[in-house]
Structure formats: structure tokens, C-alpha cells
Amino acid sequence: MKSFKRLTIASLALAISTSLMFSSCGNSGSDATGDDSKTADNSIIGAGSTFDNPLFTKQFAEYEKTNGLKVNYQSIGSGGGIQQLTNKTVDFGASDAPLNDEQTQKMGVAALHIPVTAGAVVVSYNLPEVKDTLKFNPEVLANIFMGNIKKWNDAKIAALNPGVTLPATDIVIAHRSDGSGTTNIFTTYLSKVSPEWESKVGKGSSINWPVGLGGKGNEGVAGLIKQTPGTIGYIELSYALQNNMSFAKMQNKAGNFITPSIASVTAAANITLPADAKVSLTNTEAADGYPISGLSWVLIYKEQKYDNRTKEKATAMVKLIWWQVHEGQQYSEALHYAPLSQNAVATAEAILKTATYDGQPILQSQAQ
């Protein structure tokens with residue numbers, strides 16, 4: 001009976017994930033491992049972050065209109081994108097978490113992290129009878145996802161939401177089942193704000209969840225939340241807004257309850273980036289910053305002459321990423337992503353200019 005139940009839940013999550021509006025975006029055309037697209041210089045293949053998928057879908061469609069380059073992006077999760085890049089079956093990966101030591105070692109050669117956007121991971125919930133926007137603080141959020149708080153009308157949730165009638169129903173946790181940069185952002189935040197979470201669960205793109213149901217991609221988690229009253233989970237802001245889902249205000253380090261938005265993510269991202277662009281935005285010091293914010297990166301090999309790649313293909317890809325960092329930012333706000341700061345753009349430029357083909361810089365000056 002338990003095996004049947006697990007199979008049913010997995011099948012439901014898969015069916016739900018494919019039904020949401022974003023599940024098919026950017027996934028048409030050949031598979032991420034298709035040789036025909038890989039060898040064509042007018043086609044680029046990428047894979048990874050579902051966090052980025054709504055923005056990438058728009059950016060790549062617009063770029064194709066003006067530049068004729070087709071980008072086949074597979075929204076399979078950050079972990080999947082990193083694996084595909086490691087296997088050299090895609091031209092670029094996309095991740096909401098920088099490579100860890102093990103991933104860097106498996107890759108074997110230098111990889112560049114180019115920041116392309118910033119966004120919010122929101123705490124979304126399905127409580128049809130609750131019309132007010134719920135508030136959570138770090139302690140309550142960590143205890144919910146650890147399974148310590150089991151009912152929606154728990155006194156600790158009620159104390160943060162005076163005047164709100166909370167149902168006496170069980171809390172159902174929805175989390176990612178795949179390797180995910182969104183999970184990395186969320187669990188990095190929980191590890192920063194909860195010593196118990198850090199010691200018992202920890203952070204990473206894939207973790208052993210104490211409780212809950214797993215869904216593949218932001219699409220799968222959003223689907224589980226939408227279909228199951230009483231469920232709470234974490235998804236990218238754009239998915240919540242496009243699917244008319246409720247999400248909470250989070251108390252930040254300054255003690256303020258912050259609504260996730262472009263403005264509050266921009267406040268969290270208003271920092272000086274290190275030269276390699278690897279930085280966490282979670283638990284921001286900014287008084288008006290949303291505390292579960294994160295950057296997302298496009299990952300490419302620094303040396304682009306490998307596996308019979310042509311210089312033309314490498315150049316086309318680097319120019320595409322340059323465009324994403326510059327002109328492509330104009331599509332961010334409408335899709336609820338925070339445009340890159342001037343500092344982030346300058347950092348991305350410097351990193352892209354280190355990309356080489358046969359040891360020579362691909363961008364001799366500024367990409368056109």
C-alpha cells in the first residue's frame with residue numbers, strides 16, 4: 001500500500017507540473033542532448049534553472065527575432081543544467097546556486113558564472129478561507145518546514161497574524177524533488193536564520209527533507225500547492241504571480257515584514273559583487289530588502305574550444321549572454337525579476353571578457 005501511495009503522489013506531481021502554463025515554455029524542439037541542434041552554429045542549447053525559465057523564454061524569443069539565433073532552453077532544474085554542462089551536452093547551464101566544490105571538481109576545467117538576473121523565492125500557501133496575507137518570521141518558517149509546527153492554527157502562526165482566522169487543518173509541505181538552485185536559496189536562508197535547521201537539515205541544492213511531498217521544478221511545486229488545500233511550499237515569485245497564488249510577507253533581519261517584489265529584491269541585491277560574482281543575497285541587511293532573494297547565473301566553460309565547437313558558435317553564445325546582461329534586462333520587471341544593478345552588469349562584463357577560444361578572448365572589446 002505504501003509503495004502504491006508513493007507512486008500515486010509522484011504521478012500526480014508529474015501530471016500537475018506538465019499542466020502549468022510554464023511547463024512547456026522553452027521546451028519545444030530537440031532534446032537537450034540532440035546532436036543536430038548542438039552542431040548548428042545558428043542554434044544554442046541551454047539547460048537548468050526553472051527559476052529563470054519565464055524570463056529566459058521571453059529573452060530568447062526576442063533575441064531570435066532580431067538576431068536569428070534559436071535558443072533551445074530546457075527548464076530541468078539547476079542541478080540538471082550543471083550536470084548537462086559537465087557532460088558537455090549543452091552549450092550553457094543556468095543555476096541559482098554557484099558550483100560547489102564537488103561540482104567544480106567534476107567539471108575539471110574553469111567555468112564562468114555570469115549573473116543574469118535576481119529574483120525572490122516566495123513562501124506560497126493554499127488556504128482558500130484565508131483572505132489576509134499571512135506573515136512569517138524566520139523561527140516559525142523553519143519550524144514549519146522541519147515539521148515541528150503541524151497545524152495552521154498553531155499559536156506561533158496565530159501570534160504573527162492577529163485578527164486572522166486560521167483553519168485547524170494539517171500543514172502539508174511541498175518541496176523540490178530535483179537538484180535546485182531555488183532550494184539552495186531557500187535552505188541557505190533557513191540555515192542562516194535557524195541554528196536548529198543548520199545543524200539538523202543544512203543547506204544545498206538537494207537535501208534530505210524532514211517532511212513533505214516533492215515536485216519537480218518550480219512548476220511541480222507550484223502545482224502541488226495549487227491542487228492541495230493546506231499546502232505550503234517555496235517557488236519563484238513569477239510562478240506565484242502568473243498562477244494567482246498566495247504568498248507570505250517575511251520578517252527580515254531588520255524586523256520588518258517585507259512583501260516580495262521587484263523593489264524589495266533590488267534592495268537586497270544592492271551590494272558589491274565579488275570578482276567571480278558568487279554571492280548570496282539571503283538574510284539581507286537592507287531594512288527594506290526581501291530576505292529570501294537570490295542571483296541566478298549562466299554557466300559556461302571559460303575555454304570554448306572543446307568537442308569540435310566552432311569559434312562562430314562560441315562567439316554567438318557569448319554575444320547572446322552579453323545581450324541578456326544588457327538589452328535583455330528590459331524584460332525583467334514585467335516578469336517580476338529585478339534588473340541587474342550597475343555593479344552586477346559591470347561584474348558580468350568583466351567575467352564575459354575572460355571567455356576564450358583557443359586561448360584568445362572571444363570579445364576583443366564590447367560585443368555588438
Side-chain angles (χ1 to χ4, degrees), residues 1-20 23 50-51 77-80 96-97 121-128 130 134 136-154 156-157 166-194 196-236 239-240 243 245-248 250 282 292:
M1 176 63 75
K2 291 183 178 179
S3 297
F4 175 76
K5 185 176 181 181
R6 287 195 295 267
L7 179 60
T8 301
I9 290 171
S11 300
L12 173 62
L14 178 61
I16 290 168
S17 68
T18 57
S19 68
L20 284 176
S23 63
T50 63
F51 181 101
S78 297
D96 318 317
V121 176
V122 305
V123 179
S124 181
Y125 54 87
N126 182 350
L127 293 174
V130 175
L134 294 183
F136 295 118
N137 64 15
E139 177 191 359
V140 166
L141 187 67
N143 276 297
I144 288 173
F145 278 83
M146 289 189 71
N148 297 334
I149 295 177
K150 302 179 185 298
K151 297 283 188 179
W152 276 107
N153 64 346
D154 185 279
K156 290 183 178 180
I157 300 177
L166 296 165
T169 54
D170 291 337
I171 296 175
V172 179
I173 304 297
H175 59 74
R176 290 287 286 272
S177 61
D178 54 330
S180 160
T182 308
T183 296
N184 187 75
I185 293 171
F186 188 68
T187 59
T188 296
Y189 168 73
L190 290 179
S191 293
K192 286 181 178 180
V193 299
S194 170
E196 184 180 11
W197 180 278
E198 183 179 27
S199 64
K200 292 183 178 180
V201 185
K203 63 183 179 181
S205 298
S206 296
I207 64 167
N208 292 320
W209 289 94
V211 291
L213 305 176
K216 187 174 182 180
N218 274 284
E219 304 95 334
V221 175
L224 286 172
I225 298 169
K226 287 191 72 175
Q227 295 296 319
T228 312
T231 300
I232 186 172
Y234 59 95
I235 54 175
E236 197 274 322
Y239 286 87
N243 288 282
M245 299 170 69
S246 299
F247 50 87
M250 281 300 306
T282 56
I292 320 179

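Each residue takes its place number in the sequence, starting with 1. Just so it is clear, the structure is predicted and the values come from calculations on it, not from any experiment.
The shortest heavy-atom contact between Trp152 and Pro167 is CB-O, 3.3 Å. Here the shortest heavy-atom pairing between Leu127 and Gly230 reads CD2-CA, 4.1 Å.
Legend: residues meeting side chain to side chain contact (heavy atoms under 4.5 Å, CB included) with Lys156, ordered by chain and number and at least two apart, are Glu139, Val140, Ile149, Asp154. Residues passing the side-chain hydrogen bond (donor to acceptor under 3.5 Å, both in side chains) test with Asn208: none are found, sequence neighbours excluded.
Remark: Asn218 CG to Arg176 CZ distance equals 5.0 Å, nearest 0.5 Å. Residue His175 holds its NE2 atom at 9.0 Å from CG of Leu224, rounded to the nearest 0.5 Å. In this structure, CZ in Phe186 is found 4.0 Å from CZ in Phe145, a value given to the nearest 0.5 Å. For the atom pair OG1 (Thr188) and CD (Glu198), the distance works out to 10.0 Å, reported to the nearest 0.5 Å. Considering CD of Glu196 and CG of Asn143, their distance stands at 6.0 Å, rounded to 0.5 Å. Separation of atoms OG (Ser78) and CG (Asp178) is listed at 8.5 Å; rounding is to 0.5 Å.
Between the side chain of Thr187 and the main chain of Gly204, a donor-acceptor pair closer than 3.5 Å is present. Of the possible donor and acceptor atoms, one in the side chain of Asn126 sits under 3.5 Å from a partner among the backbone N and O of Ile225.
Of the residues Thr183, Leu190, Val221, Ile173, the one that meets the side-chain contact (heavy atoms from CB on, under 4.5 Å) test with Tyr234 is Thr183.
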